[in-house]
Enquirer: 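Let me begin by handing over the structure; questions about it come next.
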Amino acid sequence: MMQEENERTSFPIITIGAPDRVNEYDCRERCVEKLVEIAIDIQDYMGAGRLFIP
């Protein structure tokens with residue numbers, strides 16, 4: 001479905017790669033940093049489909 005419906009103007013689907021590690025401070029920090037990067041540069045991520053963050 002995602003591949004069929006994805007367009008250049010579609011927002012990415014963000015997936016946490018290791019959800020069991022989110023309770024670790026370092027992992028949370030990397031996730032937050034990547035989320036902020038994506039939010040600031042969203043135009044660069046449009047149409048990307050799925051993005052995995054640490």
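By convention here, the first residue in the shown sequence is residue 1.
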Enquirer: Could you report the tightest heavy-atom contact between Tyr45 and Leu51, atom names first, then the distance?
Expert: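 Result for this residue pair: CD2-CD1, 3.5 Å.
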Enquirer: Looking only at non-hydrogen atoms, find the nearest pair between Asn6 and Gly47 and report the distance.
Expert: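 Smallest heavy-atom distance, with atoms named: ND2-O, 2.9 Å.
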Enquirer: By the salt bridge (Lys or Arg N to Asp or Glu O under 4.0 Å) test, which pairs, at least two apart or in different chains, include something from residues 32-47?
Expert: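 Applying salt bridge (Lys or Arg N to Asp or Glu O under 4.0 Å) to every pair that reaches into residues 32-47, excluding sequence neighbours, yields Lys34-Glu37.
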Enquirer: How close do Pro54 and Cys27 get, counting heavy atoms only, and between which atoms?
Expert: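 Shortest heavy-atom contact: O-SG, 4.0 Å.
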Enquirer: Got a sec, which residues hit side chain to side chain contact (heavy atoms under 4.5 Å, CB included) with Glu4, two or more places apart in sequence or on another chain?
Expert: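 Partners of Glu4 under the side chain to side chain contact (heavy atoms under 4.5 Å, CB included) test: none.
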Enquirer: With sequence neighbours excluded, what pairs up with Glu29 under the salt bridge (Lys or Arg N to Asp or Glu O under 4.0 Å) test?
Expert: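 With neighbours one apart ignored, the set is empty.
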Enquirer: Listed by chain and number, what are the side chain to side chain contact (heavy atoms under 4.5 Å, CB included) partners of Thr15, not counting sequence neighbours?
Expert: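 Only Ile13, Arg50, Phe52 meet the side chain to side chain contact (heavy atoms under 4.5 Å, CB included) criterion with Thr15.
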Enquirer: Transitively linked via ILVMFWY side-chain contacts under 4.5 Å: Met46 with Ile14?
Expert: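 Yes, Met46 connects to Ile14 through the hydrophobic network.
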Enquirer: By the salt bridge (Lys or Arg N to Asp or Glu O under 4.0 Å) test, which pairs, at least two apart or in different chains, include something from residues 15-25?
Expert: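 Sorted result for residues 15-25: Arg21-Glu24.
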Enquirer: If the condition is side chain to side chain contact (heavy atoms under 4.5 Å, CB included), which residues does Val22 pass it with, not counting sequence neighbours?
Expert: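 Ile16, Arg28.
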Enquirer: Is Ile42 close to Phe11 at the side-chain level, that is, under 4.5 Å between some pair of heavy atoms?
Expert: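 Yes - at least one pair of side-chain heavy atoms lies under 4.5 Å apart.
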